[in-house]
Amino acid sequence: MPTEPVAESPLATALSQLRTAVDYLGLSESEWATLSTPRRILEVAVPLRRDDERVEMFKGYRVQYSTTRGPSKGGVRFHPDIDLDETIALAMLMTWKCALTNLPYGGAKGGVAVDSGTLSLRENERLTRRYTSEILPIIGPERDIPAPDVGTDERNMAWMMDTYSVNAGYSVPGVVTGKPIVLGGSLGRNSATGDGVAIAAREALKARNIPIEGARVAIQGFGKVGYWAAKAVEKMGMKVVAITDVSGGATGFATIDELWEGIKEHGTLANIPGLERITNEELLHFECDVLIPAALADSLTGKSALGVRAKVIVEGANAPTTPAGDDILNDKGILVVPDILANSGGVIVSYFEWVQDNQDYFWTADEVAERLNKMMMRAVTEVHELADGKGISWRTAAHALGVGRVAEAHKLRGLYP
Ligand code: NAD
């Protein structure tokens with residue numbers, strides 16, 4: 001069972017947020033014990049035969065934090081820095097996120113400690129298939145449903161679906177979400193997390209009486225979440241003024257399409273000629289209305305949060321703010337839309353994909369967008385009303401709603417035997 005570490009880390013952050021919610025809800029120490037303990041952890045060795053025939057070993061994980069409200073659900077990350085503690089933290093966040101958005105799921109997370117950028121296409125396929133076969137006994141459409149995350153995409157999901165299906169002896173599209181459309185993916189899944197981030201940004205601006213038209217937005221991370229969030233806020237009339245990725249960043253561009261063309265031509269954001277360069281630190285401290293951290297965890301710490309000048313922060317990434325960073329942002333009066341609300345669009349449309357797969361009946365892009373907006377709006381309204389009514393932060397309100405639903409489900413199911 002994880003204890004509360006003192007250092008800032010995604011697990012320390014997640015446990016501290018859980019403690020706040022448990023105290024706010026007045027839950028017992030027995031309930032804290034059940035809520036703070038992951039239910040199943042699988043650590044696997046993933047051998048990879050490189051293209052030059054060398055064999056390398058990588059560590060892989062799958063953490064099923066909770067299955068109380070349904071099958072566990074969560075992404076698969078390929079990143080050199082992942083470890084068990086971080087995977088537990090992210091699986092915990094998925095649990096509260098699914099409960100907050102009323103999805104019939106528990107929470108999970110997994111991944112392999114590998115730099116996906118160093119893998120050839122065939123190495124990536126072999127690694128994905130071997131990882132899938134190692135976790136095969138515990139995944140499935142009724143058990144645990146993986147999805148893409150940092151370093152993985154729809155191609156990895158196609159290989160995972162195929163590996164599972166070959167072993168089952170028939171096609172099982174519902175075992176993963178975020179698949180290509182032709183394999184049972186959902187329209188709108190690629191852009192879903194970014195679209196949801198934009199909905200959260202729009203509603204946060206409304207809550208602060210800041211006009212949406214022309215609102216200035218700075219984004220850290222230009223991957224699956226950052227790119228689509230940028231496109232979606234632009235469509236709503238906001239103006240993206242600065243973006244960074246792992247290579248550094250830029251300001252002074254006209255549109256996201258122009259920037260994307262520049263990346264295609266010059267490789268990275270930092271290489272595009274004619275733009276003003278900024279560092280990641282400058283991005284976090286950029287003068288703007290909305291700051292969207294959409295890269296990795298722990299960007300906004302007790303140190304970096306001090307210089308933030310945005311009026312609203314919308315957490316596209318998971319766990320981008322440490323508890324010390326959060327305190328500073330709250331003291332500064334900055335409205336923080338927490339990750340479990342702000343980036344829930346991804347798991348909401350993953351749920352739509354799973355429902356469509358299970359029914360073999362597929363929806364139009366408009367139906368997906370309309371239902372996503374409805375589900376996000378319900379969650380945003382619940383969080384906003386609770387926060388305003390009780391004088392608490394949006395983060396505490398979101399966690400209280402999510403954790404409260406899981407605690408209630410524990411109580412109703414009872415303890416076996
Ligand atoms: P991705 O791999 O597609 O993109 C990550 C981006 O972050 C890249 O642009 C990369 O260059 C950038 N980056 C990495 N390190 C950086 C650094 N130190 N400074 C600045 N930028 C850096 O990943 P993604 O799917 O967009 O996920 C981003 C975050 O959003 C993660 O925290 C992930 O867990 C979370 N998230 C993703 C989804 C989803 O559907 N993909 C859903 C919910 C939450």
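Order of appearance sets the numbers: ligands from 1, and atoms from 1 within every ligand.
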- Below 4.0 angstrom from a heavy atom of Gly223, which ligand 1 atoms are there? Numbered from 1 as shown, please. 3 (O), 4 (O), 6 (C), 8 (C), 9 (O), 26 (O)

- Which atoms of ligand 1 have any heavy atom of Asn280 under 4.0 Å away? 19 (N), 20 (C)

- Note on the structure: Any heavy atom of Met94 under 4.0 Å from ligand 1? The part involved is neither

- Query: Judging by distance only, is a nitrogen or oxygen of Phe222 under 3.5 angstrom from one on ligand 1?
  - Reply: yes

- Nearest-contact summary for atom 1 (P) of ligand 1 - protein heavy atom, Å: Lys224 NZ, 3.7 Å

- Query: Going by the angle between their ring planes, with limits at 30° and 60°, are Trp394 and His384 parallel, tilted or perpendicular?
  - Reply: tilted

- Can you list the ligand 1 atoms lying under 4.0 Å from a non-hydrogen atom of Ala295? 7 (O), 13 (N), 21 (N), 22 (C), 28 (C), 29 (C), 31 (C), 32 (O)

- Query: Can you check whether a protein heavy atom sits less than 4.0 angstrom from atom 25 (O) of ligand 1?
  - Reply: yes

- Message: Give me the residue, atom name and distance of the protein heavy atom closest to atom 37 (C) of ligand 1.
- Response: Val225 CG2, 3.4 Å

- Taking atom 27 (O) of ligand 1 as the reference point, the nearest protein heavy atom with its distance: Val150 CG2, 3.6 Å

- Task: Could you tell me whether Thr193 approaches ligand 1 through its side chain, its backbone, both or neither, with non-hydrogen atoms closer than 4.0 Å?
- Result: side chain

- Contact atoms of ligand 1, heavy-atom distance to Ala317 under 4.0 Å: 29 (C), 30 (O), 32 (O), 35 (C)

- Please state which part of Asn318 comes within less than 4.0 Å of ligand 1, counting heavy atoms only: side chain, backbone, both or neither. both

- Message: Checking side-chain polar atoms at under 3.5 Å, does Ser350 have a donor or acceptor matched by the opposite partner on Arg189?
- Response: yes

- Indicate, as side chain, backbone, both or neither, the part of Ala294 found under 4.0 angstrom from ligand 1 when only non-hydrogen atoms are considered. backbone

- Short side-chain donor-acceptor distance under 3.5 Å, Asn167 and Thr163: no

- Note on the structure: In ligand 1, the atoms that come under 4.0 Å of a heavy atom of Gly151 are 2 (O)

